[in-house]
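First the structure, in the form of structure tokens, and then the observations on it.
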Amino acid sequence: MSNKALKRTILGTVFLILSILYTILFSPHATIRLLDSYDMLFHLNRINSLGNILVSPVNFNYWDHVGNFTSVFYPWFTLSPGYLIFKMASDPIISFLIFLTLITFLTFISSYYFMAKFSKDTLQAFLFSVLYTLSFFRVASVFYRVGLAEYISYIFIPLIFYAFAEILSGDFNKWPLFATGLTLTVLTHPLTAFITVVMLMPLVVLVIFSKVSHSFKYWGQLIWAGIQAIILVIVASSGFILPMVEQKRALATNRPALLDLAQMAQKPMELFNNALHTDVRSYSIGIISLLTIVVILIFIWKDKFSYRLVAIEGLIALVLSTNLFPWHLVQNTFFNLMQFPWRFLNMVTFFFAIYMSHILAKLMKNRSSLTKLSVLVFTTVACGSQVYLSGTKVNNQPLPFATVTSKNADQKIKSFHQEDYYPIQSLPYSDEIKSHKFIINNKKVKVPFETTANTYSIKYYSKNSVEMDIPVLFYKGIRVSINNETVSPKISKRGTVKIKTVQGQNNIQIQYYYSNIDRVAMAVSVVGFIILIWLLFNDGQWSFRKLLKDS
């Protein structure tokens with residue numbers, strides 16, 4: 001084994017051990033409590049309902065059996081490894097811990113790999129991966145708020161900014177790598193993708209002060225790289241974008257809560273005070289990031305241009321997370337989809353981790369290997385202690401009245417009810433739908449039903465034809481059959497499925513299918529990913545010359 005291969009093996013082993021320890025520090029007891037929370041049950045439904053996602057947008061065994069279309073409105077692509085883990089491990093608690101460990105491990109690897117390429121410094125790459133992956137805000141994201149999709153998207157942030165930095169430096173052929181990272185983020189958590197794009201904009205402006213940008217040729221190539229990247233991101237993401245747009249055009253759906261951005265933004269003094277503590281419920285930056293602000297104020301004046309940009313980006317993100325930014329001015333724009341301005345704190349953590357690792361590596365440049373190792377160990381212990389203290393704080397919270405265990409997990413997950421992405425007209429009748437109340441000839445009754453992943457089945461006998469309002473949400477793509485004959489359903493005033501039964505026995509089946517537009521969009525996405533992979537191997541060139549030359 002070569003020295004490089006041995007080094008990679010050792011690093012991989014260290015990162016895996018750290019990932020496992022990171023998960024264990026919070027203990028399964030904390031996870032069991034979190035499993036009973038709304039957010040955790042929401043994501044467990046998302047993961048477990050993926051078994052039939054390629055053939056139907058609905059899994060009737062989950063989401064309280066009402067035909068919820070969450071998978072169309074919330075991307076699922078990067079959750080699919082979680083589905084495989086859940087099927088292999090069976091126990092949702094163990095499965096979640098394994099999935100969490102995998103996400104943490106991949107974040108370590110991504111952080112190290114792309115920082116090593118950016119800085120050309122092994123010590124800085126390792127320090128950055130530890131500071132970023134074990135950051136205080138990342139702990140809060142998963143162990144308190146259970147933002148699983150955001151947690152996964154953090155894997156791709158180092159990739160995106162490395163590729164964008166290379167493009168701004170004049171290596172325009174890195175645009176396929178940038179497009180790949182942004183596409184994966186869109187297909188994980190669109191809000192994180194939006195925040196990432198917001199943070200890219202200042203870099204485009206600030207690069208004007210770099211000598212590399214002082215030519216028309218540079219800006220022409222930069223614009224062309226950007227156009228190509230945007231087109232490929234749209235193409236590769238179309239399998240999620242077009243089905244969602246199609247449903248939104250077909251009927252009005254309930255969006256996640258609309259919040260007052262100015263009220264949700266952090267107050268600066270509270271943010272800094274909370275950073276001195278280890279309570280993840282504060283959504284703060286933690287003491288290490290707080291120290292980084294001091295480090296920036298000391299070193300930024302004589303630092304390299306690239307790291308000045310990093311520091312400025314971190315400070316911009318910090319301001320955007322607080323009410324220092326006039327959020328009321330954008331309250332009635334698409335920015336309100338963001339809900340919480342403190343989502344920018346992950347960007348603060350990211351840029352501050354880059355700067356702190358850079359300064360530590362710079363100070364250790366001419367030191368002995370033992371001193372460098374000591375700094376590395378100290379940083380890891382400091383970050384690990386922050387995780388441990390935060391985990392202890394979470395574990396000391398009072399237990400809820402009901403907890404999720406291996407015995408009751410399946411029932412709790414399948415019966416979980418949430419109203420995001422409901423048809424708007426269904427909201428006033430949510431309790432009736434949740435209680436599985438049928439309405440037959442204007443009378444509310446209970447009718448037995450059965451579900452499989454793809455079908456919702458009813459057996460109903462009546463001497464006369466009746467009008468039946470079934471507690472299954474009505475979306476575009478529905479197919480209803482009675483005694484194996486397709487019928488045309490209508491949408492009831494409850495936003496549910498309404499049919500006319502036949503005399504005698506009625507074997508009713510409800511199914512959902514992807515439309516032709518959806519299928520084409522998914523095929524286009526696959527083609528988009530194939531093109532991106534080809535361009536990655538072909539150094540961003542559309543021609544076959546490089547591949548032919550290499551062969």
Side-chain angles (χ1 to χ4, degrees), residues 38-39 42 45-46 49 53 56-60 62-76 149 186-187 189-191 193-194 234 237-261 264 330-340 416-439 442 444 456 467-480 487-499 510-522:
Y38 174 94
D39 290 313
F42 174 79
N45 268 271
R46 290 185 63 215
S49 63
I53 195 66
S56 173
V58 166
N59 190 322
F60 284 107
Y62 293 90
W63 304 110
D64 201 20
H65 318 293
V66 298
N68 191 298
F69 251 52
T70 295
S71 293
V72 170
F73 295 97
Y74 207 139
W76 50 266
V186 170
L187 295 178
H189 194 251
L191 282 180
F194 171 71
I234 293 172
S237 305
S238 60
F240 159 65
I241 295 171
L242 286 182
M244 178 184 65
V245 170
E246 184 184 26
Q247 287 298 330
K248 281 187 173 292
R249 286 174 62 89
L251 76 163
T253 53
N254 182 37
R255 54 165 285 177
L258 177 63
L259 303 175
D260 188 317
L261 294 174
M264 291 297 108
V330 295
Q331 176 63 37
N332 296 321
T333 69
F334 56 85
F335 273 87
N336 63 32
L337 292 169
M338 193 170 59
Q339 296 179 306
F340 309 109
F416 173 71
H417 183 88
Q418 62 94 27
E419 295 167 15
D420 287 351
Y421 318 113
Y422 257 45
I424 289 290
Q425 65 192 89
S426 299
L427 295 178
Y429 306 97
S430 175
D431 289 340
E432 290 181 10
I433 296 170
K434 181 168 64 174
S435 301
H436 304 286
K437 292 281 181 66
F438 287 67
I439 299 178
N442 296 317
K444 295 175 185 177
Y456 182 101
E467 190 176 73
M468 179 183 287
D469 179 348
I470 304 168
V472 169
L473 302 173
F474 191 104
Y475 297 95
K476 185 173 182 178
I478 194 167
R479 187 177 299 175
V480 181
V487 298
S488 297
K490 295 180 179 179
I491 184 169
S492 73
K493 70 174 184 178
R494 302 194 299 175
T496 50
V497 178
K498 185 166 70 173
I499 61 171
I510 301 173
Q511 296 174 303
Y512 272 103
Y513 291 90
Y514 290 111
S515 69
N516 291 332
I517 292 176
D518 297 344
R519 291 170 184 166
V520 169
M522 290 180 182

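Values reported hereafter were calculated over all heavy atoms of this structure, with side chains retained and with hydrogens, waters and symmetry mates removed. Note that the structure is a prediction, hence the values are computed from the model and not measured.
- The minimum heavy-atom distance between Val186 and Ala193, with the atom names listed, is CG2-CB, 3.7 Å.
- Phe194 has its side chain out of reach of Leu337: every pair of non-hydrogen atoms, C-beta onward, lies at least 4.5 Å apart.
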- Message: Could you go through Lys437 and Asp431, starting from their C-alpha distance and side-chain angles, then the distance that decides it, and tell me whether this counts as side chain to side chain contact (heavy atoms under 4.5 Å, CB included)?
- Response: CA-CA 9 Å; Lys437 292 281 181 66; Asp431 289 340; over 6 Å; no

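- Separation of atoms NZ (Lys498) and CD1 (Ile491) is listed at 10.0 Å; rounding is to 0.5 Å.
- Atoms CD1 and OG, on Ile478 and Ser488 in that order, are 11.0 Å from each other to the nearest 0.5 Å.
- Taken to the nearest 0.5 Å, the CH2 atom of Trp76 stands 5.5 Å off from the CD1 atom of Ile53.
- In this structure Thr496 satisfies the side-chain hydrogen bond (donor to acceptor under 3.5 Å, both in side chains) test together with Asp469, Ser492, sequence neighbours excluded.
- Remark: the Ser515 side chain and the Glu246 side chain contain an N/O donor-acceptor pair separated by less than 3.5 Å.
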- Take Thr70 and Asn45, measure what side chain to side chain contact (heavy atoms under 4.5 Å, CB included) needs, and give me the verdict at the end. CA-CA 10 Å; Thr70 295; Asn45 268 271; over 6 Å; no

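- Among all heavy-atom pairs drawn from Gly67 and Tyr475, the shortest one is O-CE1, 3.4 Å.
- Two residues are said to be in side-chain contact when any heavy atoms from C-beta on lie closer than 4.5 Å; Pro57 and Pro243 fail this criterion.
- Within the 4.5 Å cutoff, side-chain heavy atoms of Val66 are placed close to those of Tyr422.
- Between the side chain of Ser237 and the backbone N or O of Ile234 there is no donor-acceptor pair closer than 3.5 Å.
- At a threshold of 4.5 Å between non-hydrogen side-chain atoms, the residues Asn68 and His417 do not count as touching.
- Nearest heavy atoms, Gln247 versus Lys476: NE2-O, 2.8 Å.
- Residues Lys248 and Thr253 have side chains in contact (heavy-atom distance under 4.5 Å, counting atoms from C-beta outward).
- Surrounding CZ of Arg255 are more than 12 heavy atoms belonging to other residues, nucleotides or ligands, all under 6.0 Å away.
- For the pair Arg494 and Tyr429, the NZ or CZ position fails the cation-pi test of under 6.0 Å to the six-membered ring centre and within 45 degrees of the ring normal.
- In this structure, Leu473 and Pro423 have side chains that are in contact, with non-hydrogen atoms separated by less than 4.5 Å.
- Here the closest heavy-atom approach between residue Ser49 and residue Asn59 is recorded as O-ND2, 3.4 Å.
- Within the 4.5 Å cutoff, the side chain of Tyr456 has no heavy atoms near those of the Gln511 side chain.
- Here the side chain of Glu467 pairs no donor or acceptor atom with the backbone of Asn442 at under 3.5 angstrom.
- The ring pair (Phe, Tyr, Trp, His ring centres under 6.0 Å) with Phe42 is formed by just one residue from the set Trp63, Tyr62, Tyr421; it is Trp63.
- In this structure, Ser56 OG and Phe69 CZ are separated by 7.0 Å, a value rounded to the nearest 0.5 Å.
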- Message: With side chain to side chain contact (heavy atoms under 4.5 Å, CB included) as the criterion, how do Phe60 and Val472 come out once you've worked through the C-alpha distance, each side chain's angles and the decisive distance to 0.1 Å?
- Response: CA-CA 9 Å; Phe60 284 107; Val472 169; 3.9 Å; yes

- Message: Run the side chain to side chain contact (heavy atoms under 4.5 Å, CB included) test on Asp260 and Gln331 for me, step by step, so that the C-alpha distance in whole Å, both residues' side-chain angles and the decisive distance to 0.1 Å come before the verdict.
- Response: CA-CA 7 Å; Asp260 188 317; Gln331 176 63 37; 4.1 Å; yes

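- A 4.5 Å side-chain heavy-atom check between Ile510 and Phe474 finds every atom pair outside the cut-off.
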